[in-house]
Visitor: 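Provided herewith is a single structure, encoded as structure tokens, for subsequent inquiry.
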Amino acid sequence: MKKLIICFFVTLVAIGCSPKLSVPFERTGAVEYVSGDKNTVTLASTATASGDTEGIYYCERNALENLLFRGIPGSNQENPMIENEGQAYSNARNALDDLILRDGYRKFLIQSYMDDSYKAGKAKTRRQIVKFDLQALRKHLEGAKIIRKFGL
Amino acid sequence: MTRFIIFFGFILSFQVVGQDKAVDTKTAQPTIMAIPFARENQTLRSVYENNELTRIAITKVKEGFDKRGVNTIDLRAKIKQNNNSAALQEGQLDETKDAVIAASGADIYVEVEASANYSSTGNSANVIMTAYDAFSGESLANKTANSPKVYTDNHERLIEKAVEKELDNLLNTIQEKFTDIRENGRTITVRVGVDEGSDLTMDSEIDDSGDLMSEIIEAYMEKNAFKNQYHLQGTTSNRVIFDLVKIPLFDEDGKNYRVSKFASDFRKFMKAKSIDVKQTIQGNNLVFTVKGSK
């Protein structure tokens with residue numbers, strides 16, 4: 001009995017100490033246009049992560065990065081908001097990191113809710129609907145000199 | 001204390017390295033005017049006043065530009081301003097659009113054409129938007145926008161839906177062209193011809209180096225074109241045509257670089273080679289006529 005208890009605790013400790021599954025963020029093209037109007041765009045973004053909080057962030061970040069650097073096919077934002085990603089990072093890395101990595105984008109997020117989710121092995125794949133305020137986002141990018149104002 | 005100061009300085013240096021480079025390039029804001037697409041024998045005013053759909057589309061396009069902070073020129077105000085004046089040139093139909101654009105002072109004009117489609121499965125609206133550089137006539141962007149099919153007769157809403165779907169894309173495409181112009185320069189064409197009574201041809205040797213006139217002209221373009229970008233379309237004994245010569249947008253002092261400056265510099269270069277040249281500038285097209293040797 002004593003051996004069994006020790007074995008149980010050892011197993012518990014082993015499980016507790018085992019490294020958590022970590023799914024790194026990967027920008028994918030899994031961002032679909034849902035709707036849009038004069039000042040907003042609504043996107044459905046899919047991403048895989050180990051937990052719910054991480055999953056929401058990965059979906060929102062994937063949508064934002066596609067909007068900023070790739071453009072969304074069939075939408076009112078077919079062209080990327082930032083024409084040259086490499087140049088933008090070399091000119092304004094801090095501002096971009098603030099926006100993307102340090103939750104700065106949340107100021108421009110009007111809506112974000114889960115549309116669907118399913119287990120993918122130990123990770124979880126999530127489809128999130130996100131709506132961005134385009135005009136405010138563009139003004140922010142212009143103000144931070146990440147993009148130029150319209151003109152020559 | 002010394003250690004503290006060194007440590008503090010070390011931390012500060014990281015802060016400085018982490019800051020973004022200040023990229024503060026000036027932006028020349030172009031003015032844009034939305035105009036109706038006018039078919040042959042139609043004046044801008046008649047199309048604007050008689051076509052309600054196009055009138056709505058123009059208003060929506062202008063609204064969209066204003067929203068992006070673009071300087072717009074109101075066609076209706078321009079037409080009112082020039083009412084019954086020579087600018088509209090009623091009766092000289094071929095020049096009407098050109099005259100209104102020239103009188104407006106717009107850098108870019110966007111031709112807008114709107115139409116409505118009726119069907120048993122719902123009505124929809126189509127809007128065609130084409131942006132042109134008013135100076136050169138070069139097409140900058142074009143978009144066709146369609147509204148979804150809806151059971152409604154509210155065409156204003158349908159047109160608004162169509163315009164708002166493509167307006168940002170139109171502006172972004174124009175902006176991409178601007179970025180390209182900023183980085184690679186404006187395109188002009190240069191034609192150098194020899195006057196009938198001239199004692200020179202393109203095959204004449206100009207100086208002791210033995211270079212032909214066509215060769216020194218090409219060498220000039222190669223040296224003075226922005227980033228050395230030019231394209232020689234062809235050379236004959238009495239003509240040299242460059243269908244693409246890039247010139248910068250701004251000069252070294254950051255002022256606008258005018259086509260006339262390029263023309264003037266070339267004329268002076270030829271004068272230094274004892275060649276008399278007359279110049280004509282039309283938009284982005286430069287035409288030089290070699291009158292003869294001095």
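Values below: every heavy atom of this structure, side chains too, minus hydrogens, waters and symmetry copies. Only a predicted model underlies this, so the values are computations on that prediction, with no experimental measurement involved. Letters go in sequence order (proteins before strands), and every chain restarts at 1.
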Visitor: Given heavy-atom pairs under 4.5 angstrom as the criterion, report whether the side chain, backbone, both or neither of E83(A) touches chain B.
Guide: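 For E83(A), side-chain heavy atoms alone lie under 4.5 Å from chain B.
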Visitor: Are any of the side-chain nitrogens in K227(B) or E183(B) under 4.0 Å away from the carboxylate oxygens of its partner?
Guide: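 No, K227(B) and E183(B) are not salt-bridged.
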Visitor: Answer with side chain, backbone, both or neither: which region of I108(B) has an atom nearer than 4.5 Å to a non-hydrogen atom of chain A?
Guide: neither
Visitor: Do E164(B) and K161(B) meet the salt-bridge criterion of a basic N to acidic O distance under 4.0 Å?
Guide: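 E164(B) and K161(B): salt-bridged.
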Visitor: So which of M81(A), R138(A), Q77(A) has the biggest tally of heavy-atom pairs under 4.5 Å with chain B?
Guide: R138(A)
Visitor: Among E166(B), E176(B), E63(B), E160(B), single out the residue with the greatest number of heavy-atom pairs under 4.5 Å to chain A.
Guide: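 Highest number of pairs under 4.5 Å: E176(B).
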Visitor: Please determine whether a side-chain nitrogen of the Lys or Arg among K177(B) and E138(B) lies less than 4.0 Å from a carboxylate oxygen of the Asp or Glu.
Guide: no
Visitor: Please determine, among D97(A), N76(A), D37(A), the option with the most heavy-atom pairs under 4.5 Å with chain B.
Guide: N76(A)
Visitor: Is it true that R27(A) and E85(A) have a side-chain N and a carboxylate O under 4.0 angstrom from each other?
Guide: yes
Visitor: Under a 4.5 Å heavy-atom cut-off, does chain B meet the side chain of E78(A), its backbone, both or neither?
Guide: both
Visitor: Looking at D168(B) and R68(B), does any basic side-chain N land under 4.0 Å from a carboxylate oxygen?
Guide: yes
